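Quick notes on the structure that follows.
Here is how names work: the chains are called A, B, and so on, in the same order as the sequence lines, proteins then strands, and each is numbered from 1. Everything quoted here is computed from the prediction, not taken from an experiment.
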Amino acid sequence: MHLRLRVWRQASATATGKLVEYDAPNISPDMSFLEMLDVVNERLMEKGDDPIAFDHDCREGICGSCSLMINGAAHGPMKATATCQLHMRSFRDGETIDVEPWRAKAFPVIRDLVVDRSALDRIIQAGGFISAATGGAQDANAILVPKTAADAAMDAAACIGCGACVAACPNASASLFTASKISHLGHLPQGQPERRRRVLSMVNQMELEEFGGCTLYGECQEACPKEISIDTISRMNGDFIRAGLTDWR
Amino acid sequence: MNLNARIPAGPLEKKWDRHRFEMKLVNPANKRKYNVIVVGTGLGGGAAAATLGELGYNVQCFCFQDSPRRAHSIAAQGGINAAKNYQNDGDSIYRLFYDTVKGGDFRAREANVYRLAQISVNIIDQCVAQGVPFAREYGGLLANRSFGGAQVSRTFYARGQTGQQLLLGAYQALERQIGAGTVRMFPRTEMLDLVVVDGRARGIVVRDLVTGDVRSHVADAVVLGTGGYGNVFYLSTNAKGSNATAIWRAYKRGAAFANPCFTQIHPTCIPVSGEYQSKLTLMSESLRNDGRVWVPKSVGDKRAPNSIPEGERDYYLERKYPSFGNLAPRDIASRGAKEVCDEGRGVGESGLGVYLDFADSIRRVGESVIRERYGNLFEMYQRITDENPYEVPMRIYPAVHYTMGGLWVDYNLMSTVPGLHVIGEANFSDHGANRLGASALMQGLADGYFVLPNTIGDYLASSKPEKIDVSHAAFRDAEAEVVDRARRFVDLRGKRTVDSFHRELGKIMWDKCGMARNAAGLKMALEQIPRLREEFWRDVNVPGSDRQLNQALEKAGRVADFLELAELMCIDALHREESCGGHFREESQTPDGEALRNDERFTYVAAWEYAGATNAPLLQREPLVFENVKLSQRSYK
């Protein structure tokens, strides 16, 4: 395949970025999108140019590192697929492909396609956990969890924290990310004692980080590589209202 | 060098209890006065940092990823073993212990493995309390499955994402401590040296991967949970960032490296599809229950698989191992595939692949049953290869998956450098020469949640570390070395990219120190690796500056260390003139081609001590004493 890329290049957080065009001949349709970028980078380096910086690690769709806006779509054109699992056969020979970083106020660009997603960690810090210090746990089977609850919790817990939901959202809201953790823990009996406190703290943190509000566009669930449902946001909103109406402290 | 494993006296099942009583404790009010550094945030490091924070220690935690949630433990699929015996099928702590020692081909320490089996049950309790969504039965009890040929169902799982869910549990516990202020987290920060003062580990030198700043961090103890070194082979199932730099720097500062040649090669991965391939993807081993492995009988047969008649196919596992057939153990299946590909009978464009054919099973039980059993795996395979495995056989090939070797540690998980503790895959302690399926997650969490947080207190309480800060000469010198090294890379302006060296190293290691090894090949590798290393330091191309985010520079540092570690792996493989577990020496096999251990000569841990850049490393031996288990030869025929 012979492709043309237009890639966002930005030397540092404070530098001005721009789209730069690259010619990418001899691309195999069996390459993953990141392997295509590897090849482009090898060629750049052989010419003595700086390679394109992008986040990646496991390359099997589970670590959540990779994060590219490809032709305006978070993780590109394939549904339920992270960029690292996207293959070049999803593109046409001769196509021009735009490659940009996640765009959100809460995700400042660090360099080229690399953004700072630490705001998501701080949302978890605010309450995305069950307070169970090591050592005090009872026998695992003493807590019965109905299969339906365990399955629903697992559906929500599949979130890989990539931030595609934020990038896809016209409001740059982190609602799907936040709601997936609230849903995961809220479905389980172990998550009940902190349920109200959790939703209030996490939603509050989400706002402090300057993510936008949710107006139910639904773009997040379309972009989510793990197909997390927007229903989790309904649950979060329900929990939030209930928690606000009671004394949760 | 002192290789005292400090295994507590007394009967096997009492050792850990007794040891916990005998260890010194740190007064709760004093814990916050101690600084502990934890490097790595996988199941070992993440769990350790969280637990040490809960106990009240002052923790500084580091990872090179942008978030502690991304460590490669996240990619583990199958599950985690625990001797709960919830299925009433005859499991017990002793059986898990025995299976692990035997599976490791009798090259692990009994006392450590027994403790691991004991703690396995606490891990499941802890993870459930944290909200890990393990699979459940309709009645609400935990579900189990059998895994990796175990005769009991002791594996707990969360769909195919067990590693992810366990890691998120540890990550959430860690974030809770970060919020509480007991742990300070440094993401996008890479450890580039260990600082030893007066013979004790007192801190690390790191590079901030965003700004390029080189800084020191001081502590009273250092914990490495930095994972394995499978990426020395370039292509592996490890994440791209997984590296050996932390443990390698520690080795060069005096920590012995144990059994470096023990690597696990997993038989069922999606094969390499081109020169550009960046990593390999594991396909669950369960596929071999219904798939038949074959290659064409004749060399260079490039016909499509479905047009090769039955009589011209070689079902080599069924032929060579009539009773185990396609279910032959991991190491056997992997070596078999390599053999037929070496003969030129491999399939696919690269010739490095064998067929895993479901046609017979589909004929026997129907496509819908196969779809029910393996649907998600078939889908994943199709997504990557663009081939439909219901119609054409899958192509698979073995890939490097895990390293059993690592830094030598005693029963307290402390290395030969006092104060330096090593946990999870980064140490060598529990899996001997071969790791069983669903045991890596168990060991990482055992070390991180339960063993280290206990044993580190004993070290801190019994050593009285003097107050030092980063102005100490040892820190200043180490920082200067780190800065110099980075400058040297960016000033080189050579012709070859880092990846091209890494690929070449990987090929040497795969050919000479991979699934089958022999003296001639290892000796050749020991000539090739130093030559490649010399060329690397002369001609590597690292664009950009060291004062910015520079991914080529990060890689260059890691590959420079792999180029040294590779040599040690070959030295170790050459010296161990026996076959055991994942280490198959062609000279040491039974007449019918099976692995042949030499217990008389090699029932020991080979711990290598760094002796300077120009000297050969020194071999120290820790004899392995088996008081409970009888050594036997594994057989698969």
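There is no contact between A/N41 and chain B, counting heavy-atom distances below 4.5 Å. A/T134 touches chain B through backbone and side chain together, each having a heavy atom under 4.5 Å away. Contact annotation for B/I124: both backbone and side-chain heavy atoms come within less than 4.5 Å of a heavy atom of chain A. Looking at B/F134, only its backbone comes within 4.5 Å of chain A, counting heavy atoms on both sides. Residue A/S118 does not touch chain B at all, counting heavy-atom pairs closer than 4.5 Å. Contacts of B/Q77 with chain A are made by side-chain atoms alone, with heavy-atom separations under 4.5 Å and no backbone atom involved.
The two atoms that bring B/V128 and A/A140 nearest to each other are CG2-CB, 3.8 Å, heavy atoms only. Nearest approach of B/L549 to A/A53, heavy atoms of both residues: CD2-CB, 3.7 Å. Shown here for B/R69 and A/C159, the closest heavy-atom pair between the two residues is NH2-O, 3.2 Å. When all heavy atoms are compared, the tightest approach of B/A552 to A/M45 is CB-SD, 4.1 Å. The two residues A/L188 and B/G131 have their closest heavy-atom pair at CD1-O, 3.2 Å.
A salt bridge links B/D386 and A/R89; the closest N-O separation between the charged side-chain nitrogens and carboxylate oxygens is under 4.0 Å.
Looking at heavy atoms from C-beta onward, B/Q277 lies out of side-chain contact with A/M31 at the 4.5 angstrom threshold. Two residues are said to be in side-chain contact when any heavy atoms from C-beta on lie closer than 4.5 Å; A/D55 and B/R188 meet this criterion. Side-chain contact between B/P543 and A/P51 is present, with at least one heavy-atom pair separated by less than 4.5 Å. Contact check for B/K279 versus A/E60: side-chain heavy atoms found under the 4.5 Å cut-off.
Without hydrogens or angle criteria, B/Q165 side chain to A/A157 main chain gives a donor-acceptor distance under 3.5 Å. Within the 3.5 Å criterion, the main-chain N or O of A/I124 finds no donor-acceptor partner in the side chain of B/Q172. A/D57 places no side-chain N or O within donor-acceptor distance of the main-chain N or O of B/A239, the cut-off being under 3.5 Å. Using a distance-only test at 3.5 Å, with no hydrogens or angles considered, a donor-acceptor pair links the side chain of B/Y86 to the main chain of A/N141. Formation of a donor-acceptor pair under 3.5 Å by the B/Q164 side chain with backbone atoms of A/A158 is found in this model. A donor-acceptor pair is defined here as one N or O able to donate and one able to accept, closer than 3.5 Å; such a pair exists between the side chain of B/Q551 and the backbone of A/F54.
Ranking B/K240, B/Q130, B/R176 against chain A, the residue ahead of the rest is B/R176, based on heavy-atom pairs under 4.5 Å. Top candidate by heavy-atom pairs under 4.5 Å with chain A, chosen from B/V121, B/T51, B/L141, is B/L141. The choice from B/R496, B/R159, B/R493 that makes the most heavy-atom pairs within less than 4.5 Å of chain A is B/R159.
Applying the ring-ring contact (aromatic ring centres under 6.0 Å, His included) rule to B/Y57 yields no partners; only residues at least two apart in sequence or on another chain are considered. Partners of B/R136 according to the salt bridge (charged side-chain N to carboxylate O under 4.0 Å, His left out) rule, which considers only residues two or more places apart in sequence or in another chain, do not exist here.
One side chain, B/S278 or A/R59, offers a donor N or O that lies under 3.5 Å from an acceptor on the other. There is a side-chain donor-acceptor pair under 3.5 Å between A/D121 and B/S67. Using a 3.5 Å distance cut-off with no hydrogens or angles, the side chains of B/Y276 and A/N26 do not pair a donor with an acceptor.
The distance from the CD atom of A/E46 to the NZ atom of B/K495 is 11.5 Å, given to the nearest 0.5 Å. The line from OG of A/S131 to CD of B/E54 is 9.0 Å long, rounded to the nearest 0.5 Å. If you take CD on A/E42 and CG on B/N541, they are separated by 9.0 Å, rounding to the nearest 0.5 Å.
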